[in-house]
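To start, the structure itself, in structure tokens.
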Amino acid sequence: MSTTPTASPTRPSVIQLSIKEKAALYAAYIPIFTEGGVFIPTAREYALGDDVYVLLSLPEDMQRYPVAGKVAWITPAKAAGGRTQGVGIVFPKDEKSRALKLKIEEILGAHMASERPTQTI
């Protein structure tokens, strides 16, 4: 087993996140971030501000959306309330991210007003 890291500290890690159902998208989406964001379940250690490159797939959409985001939320292992370990990635302030945020909110529609808990809040 190699102990050599697969990415250098200056290069962002790449994560593929495929969300297949609206309920899973609702649980992962982070609307409190002005630019939008997603929660990614992972056991990998990250620090706030780390760069992460996400290839995001949405329900009923064949397109993959590349997002060069930053870690803005961390749920540690064994978090209270049985929350899943992982990180929240905030989308960058650009036109592609604004379009992605609108696409996610369009998919979620009425779910946006739900009181059901999500992975983050």
Side-chain angles (χ1 to χ4, degrees):
M1 183 169 148
S2 172
T3 57
T4 309
T6 55
S8 69
T10 57
R11 209 173 122 208
S13 63
V14 177
I15 299 173
Q16 292 190 45
L17 180 62
S18 179
I19 301 175
K20 302 202 183 308
E21 301 167 354
K22 279 186 188 180
L25 180 60
Y26 172 81
Y29 182 57
I30 308 175
I32 60 171
F33 294 162
T34 304
E35 305 302 323
V38 291
F39 178 82
I40 300 170
T42 181
R44 183 169 172 182
E45 294 291 322
Y46 286 95
L48 291 175
D50 281 355
D51 291 321
V52 178
Y53 190 78
V54 182
L55 292 170
L56 178 63
S57 299
L58 301 174
E60 300 171 25
D61 187 344
M62 297 300 294
Q63 185 174 341
R64 286 185 359 175
Y65 298 89
V67 178
K70 290 195 177 289
V71 174
W73 179 285
I74 297 173
T75 303
K78 300 180 181 121
R83 294 209 182 269
T84 303
Q85 179 181 2
V87 293
I89 307 300
V90 64
F91 296 160
K93 294 180 181 182
D94 63 22
E95 198 54 44
K96 284 183 180 177
S97 294
R98 274 190 284 284
L100 177 56
K101 179 181 180 184
L102 290 173
K103 175 79 174 168
I104 290 170
E105 291 179 356
E106 178 185 311
I107 291 169
L108 291 175
H111 291 284
M112 290 294 297
S114 175
E115 294 295 319
R116 282 192 337 233
T118 67
Q119 296 286 2
T120 54
I121 56 171

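Quick note: residue numbers are just sequence positions, from 1.
- When hydrophobic clusters are built by joining Ile, Leu, Val, Met, Phe, Trp and Tyr residues whose side-chain heavy atoms come closer than 4.5 Å, directly or via intermediates, Ile19 is not grouped with Leu55.
- At a threshold of 4.5 Å between side-chain heavy atoms, the hydrophobic network of Ile, Leu, Val, Met, Phe, Trp and Tyr places Leu102 and Leu58 in two separate groups.
- Between Leu17 and Pro41, the closest heavy-atom pair is CD1-CD, 4.5 Å.
- Contact between Pro92 and Val67 at its shortest, heavy atoms only, is CD-CG1, 3.8 Å.
- Here the shortest heavy-atom pairing between Ala47 and Val71 reads O-CB, 3.5 Å.
- Minimum interatomic distance between Ser57 and Arg64 (heavy atoms only, all atoms of both residues): OG-CG, 3.2 Å.
- In this structure, Lys101 contributes its side chain and Thr34 its backbone to a donor-acceptor pair below 3.5 Å.
- Put simply, OH on Tyr29 and CG on Leu108 are 8.0 Å apart, with the number rounded to the nearest 0.5 Å.
- When all heavy atoms of Thr75 and Thr84 are compared, the closest pair comes out as CG2-O, 3.2 Å.
- Distance check: Gln16 CD to Leu56 CG gives 11.0 Å after rounding to the nearest 0.5 Å.
- Take Lys103 and apply the salt bridge (charged side-chain N to carboxylate O under 4.0 Å, His left out) test, not counting sequence neighbours, and it matches Asp61.
- The two residues Ile30 and Phe39 come nearest to each other via the heavy atoms CD1-N, 3.9 Å.
- Placement of Tyr53 and Phe33 in two distinct hydrophobic clusters is found when ILVMFWY residues are connected by side-chain heavy-atom separations under 4.5 Å, directly or transitively.
- Atom CD of Glu45 sits in a sparse spot, with 12 or fewer heavy atoms from other residues, nucleotides or ligands closer than 6.0 Å.
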query = Does the pair Val52 and Val87 meet the rule for a side chain to side chain contact (heavy atoms under 4.5 Å, CB included), with working shown?
reply = CA-CA 10 Å; Val52 178; Val87 293; 5.6 Å; no
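- To the nearest 0.5 Å, atoms OH (Tyr46) and CD1 (Ile40) are separated by 7.0 Å.
- In the hydrophobic clustering of this structure, Leu48 groups with Val38; members are Ile, Leu, Val, Met, Phe, Trp, Tyr whose side-chain heavy atoms approach within less than 4.5 Å, directly or through other members.
- With sequence neighbours excluded, the residues forming a salt bridge (charged side-chain N to carboxylate O under 4.0 Å, His left out) with Lys70 are Asp51, listed by chain and number.
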